[in-house]
There are 2 protein chains.
Amino acid sequence: MTDTSSSPDYRIAVLDRSIDLLEAMAHAGGPVGVTELSRAISSTKSATFRILATLEARGYVRRVPDSGKYQLGLNLVHLGQSALGRIDLRTIARPVLEDLHRRFNETVNLGVLSGGRIVYVDMVESQHGLRMAAQVGAHDNVHSTAIGKAILANLPEGQRESVLEGPLPALTEKTLTTKEDLLKDIERIQVSGFSRDRGENEHGASCFGAPIFDARGNVTAAISVSGPDTRLNGEMAEDVAVAVRIAAQDITDRLAGRDG
Amino acid sequence: MTDTSSSPDYRIAVLDRSIDLLEAMAHAGGPVGVTELSRAISSTKSATFRILATLEARGYVRRVPDSGKYQLGLNLVHLGQSALGRIDLRTIARPVLEDLHRRFNETVNLGVLSGGRIVYVDMVESQHGLRMAAQVGAHDNVHSTAIGKAILANLPEGQRESVLEGPLPALTEKTLTTKEDLLKDIERIQVSGFSRDRGENEHGASCFGAPIFDARGNVTAAISVSGPDTRLNGEMAEDVAVAVRIAAQDITDRLAGRDG
DNA sequence: TTCAATTGTTCCACACCTCGAAACGAAGTG
DNA sequence: CACTTCGTTTCGAGGTGTGGAACAATTGAA
């Protein structure tokens with residue numbers, strides 16, 4: 001994501017480069033060396049080495065013993081948890097997610113809109129071998145997920161427009177990729193109170209979502225229940241849709257201080 | 001933590017300062033303004049503003065709407081999860097932690113040694129109202145925790161010495177604060193195979209721990225079961241001690257590829 | 001409503017910080 | 001043994017990030 005706003009550029013180059021490096025390490029999926037990282041961030045070995053040395057001294061990068069390679073350090077976990085911990089939503093929503101999980105034994109997700117993307121902030125995974133799964137902290141699309149569409153349907157007009165005018169890539173052959181198609185779906189969501197992802201984000205997966213509002217009535221998050229469409233169909237699907245809507249309303253009520 | 005090694009100083013000042021700022025925000029526990037942050041990191045408002053602008057552009061800091069204050073951004077979650085995800089240990093250990101939790105309904109922890117401190121990487125909390133609890137990503141002392149002492153007892157001599165020569169602060173009146181006392185306790189741990197924290201880290205808490213070894217036989221982590229000493233005593237305590245040792249051995253076997 | 005205090009934002013001269021290139025030592029490979 | 005590649009170190013220099021000041025916006029008290 002680049003800053004395309006018209007605000008003056010206060011960016012600090014070496015800090016941008018350091019973030020590039022951390023993201024490259026997250027992407028690498030295993031220990032990486034100085035030279036490989038310098039190539040990944042289009043920098044020199046000496047500049048890369050100095051960034052690594054600073055991050056290592058502070059515990060944000062770790063040198064793998066006897067290998068000369070680096071990986072992300074555990075102090076990032078604390079910052080990540082602190083970032084998550086700031087969300088009262090997560091604490092309040094958790095019991096509701098667990099109730100849904102107990103009832104249907106499918107994967108239950110909680111996501112928020114952040115930087116034009118959905119970020120998963122909590123998750124209770126199904127115990128079935130075949131199940132939907134993602135990772136807390138992972139990003140996903142707005143236009144092709146049940147959580148994203150549930151939020152989109154309840155955003156103020158201007159914010160919705162800026163999402164719909166943006167890129168709408170096809171993830172599967174079922175993804176809605178035009179503004180017109182999405183607006184029709186959004187109308188249905190506004191009437192029914194829940195969203196549905198019929199294999200739009202992941203082939204063979206089905207997912208029901210519903211929006212969560214804060215005390216001022218702004219949509220801030222959504223929850224969803226997802227699984228293979230071989231399980232989430234017929235009467236089961238109707239039960240899940242109803243339950244997700246009620247659960248999301250329950251979370252909204254708790255956030256507003258109304259007893260559930 | 002400052003880098004006190006004798007290695008040449010490759011530190012980048014603005015990166016150190018940026019990390020100071022992120023840590024100050026994590027510590028603040030709520031949205032903070034530019035001036036407050038500049039004071040917290042002993043910098044000027046303009047320098048602080050530029051760091052915030054860069055971090056905000058990249059999603060690592062978020063500006064709270066209509067307030068001019070900042071809080072940690074959700075992109076930190078992804079880095080934190082990536083840092084955690086690198087630990088196969090966590091995935092392998094989780095079912096074992098859950099078994100211990102089901103059996104005793106006390107808080108079960110998994111921790112690793114990192115930067116001379118214990119970092120909790122996973123945790124299953126007791127369902128009792130009165131329970132031990134911490135946060136994944138949180139740090140703790142080596143010399144006063146069951147996890148820390150379990151690791152300490154199995155470190156190579158040189159590594160153990162450097163911990164024991166370091167500061168050994170008293171957390172409670174029961175904390176072992178001399179190298180001599182800790183060495184006696186370490187001998188007992190080496191013979192029995194488990195460690196015990198009798199209110200050394202937290203008044204009124206009891207905790208049993210056992211070490212986990214990697215495929216090469218190096219101690220890398222430990223698990224523990226903890227609760228109030230009103231519950232963890234007598235025969236129950238003996239059962240927990242035995243179970244923790246067996247569980248840690250189970251995790252060690254799984255890491256080495258031996259069927260549990 | 002007015003005023004003072006505080007905070008957030010912007011600007012610019014310049015000091016010094018970070019850079020890149022080059023060199024060196026170590027490790028691995030044929 | 002020779003060559004290649006990588007990690008580490010050094011240093012002169014250019015340009016980046018700084019700090020202080022000024023300005024705009026916000027807040028709170030009278």
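To find a chain, count down the sequence lines: A is the first, B the second, and so on, and within it residues start at 1.
- With the nearest nucleotide of DNA chain D identified for both A:Gly68 and B:Lys45, A:Gly68 has the one nearer the 5' end.
- Looking only at atom types and distance, the side chain of A:Asn141 has a donor-acceptor partner in the side chain of A:Arg117 under 3.5 Å away.
- A:Asp16 has its CG atom 12 Å from the P atom of C:dC19, to the nearest Å.
- The interatomic distance linking A:Ile41 (CD1) with C:dG20 (C1') rounds to 14 Å, in whole Å.
- Of the listed nucleotides (D:dG19, C:dT18, C:dT9), C:dT18 has the atom at the smallest distance from the side chain of B:Val14.
- A close approach under 4.0 Å does occur between a side-chain nitrogen or oxygen of B:Arg17 and OP1 or OP2 of D:dT18.
- Regarding A:Leu37, its CG atom lies at a distance of 15 Å from the C1' atom of D:dT8, rounded to whole Å.
- Nearer to the 5' terminus of DNA chain C, by closest-nucleotide assignment, is the contact made by B:Gly33 (compared with the other of B:Gly33 and B:Arg50).
- Rounded to whole angstrom, the span from the CD1 atom of B:Ile12 across to the P atom of D:dT16 amounts to 14 Å.
- Note: CZ (B:Arg63) to C1' (C:dG8) measures 8 Å, nearest angstrom.
- Considering OG of A:Ser18 and CD of A:Glu23, their distance stands at 11.0 Å, rounded to 0.5 Å.
- Where A:Phe49 and B:Ile51 meet DNA chain D, the nucleotide closest to each residue was compared, and A:Phe49 sits on the side nearer the 5' end.
- Across the protein-nucleic acid pair, B:Glu36 atom CD and C:dT9 atom P stand 15 Å apart, rounded to whole Å.
- Under the 3.5 Å distance criterion, the side-chain polar atoms of A:Thr252 are matched with a main-chain donor or acceptor of A:Phe213.
- An OP1 or OP2 oxygen of D:dG7 is reached within less than 4.0 angstrom by a side-chain nitrogen or oxygen of A:Thr35.
- One finds no side-chain N or O of B:Tyr10 lying less than 4.0 angstrom from the OP1 or OP2 phosphate oxygen of D:dT8.
- Neither OP1 nor OP2 of D:dT5 sits under 4.0 Å from any side-chain N or O of A:Arg39.
- With hydrogens and angles left out, the side-chain atoms of B:Asn109 and B:Asp122 include no donor and acceptor closer than 3.5 Å.
- For a distance-only test at 3.5 Å, the side chain of A:Ser46 qualifies as a donor-acceptor partner of the base of C:dA21.
- Distance, B:Tyr70 OH to C:dT7 C1': 11 Å, rounded to whole Å.
- In this structure, B:Asp250 does not pair ionically with B:Arg245, as no charged nitrogen and carboxylate oxygen lie closer than 4.0 Å.
- Between the NZ atom of B:Lys69 and the P atom of C:dT9 there is a distance of 12 Å, rounded to whole Å.
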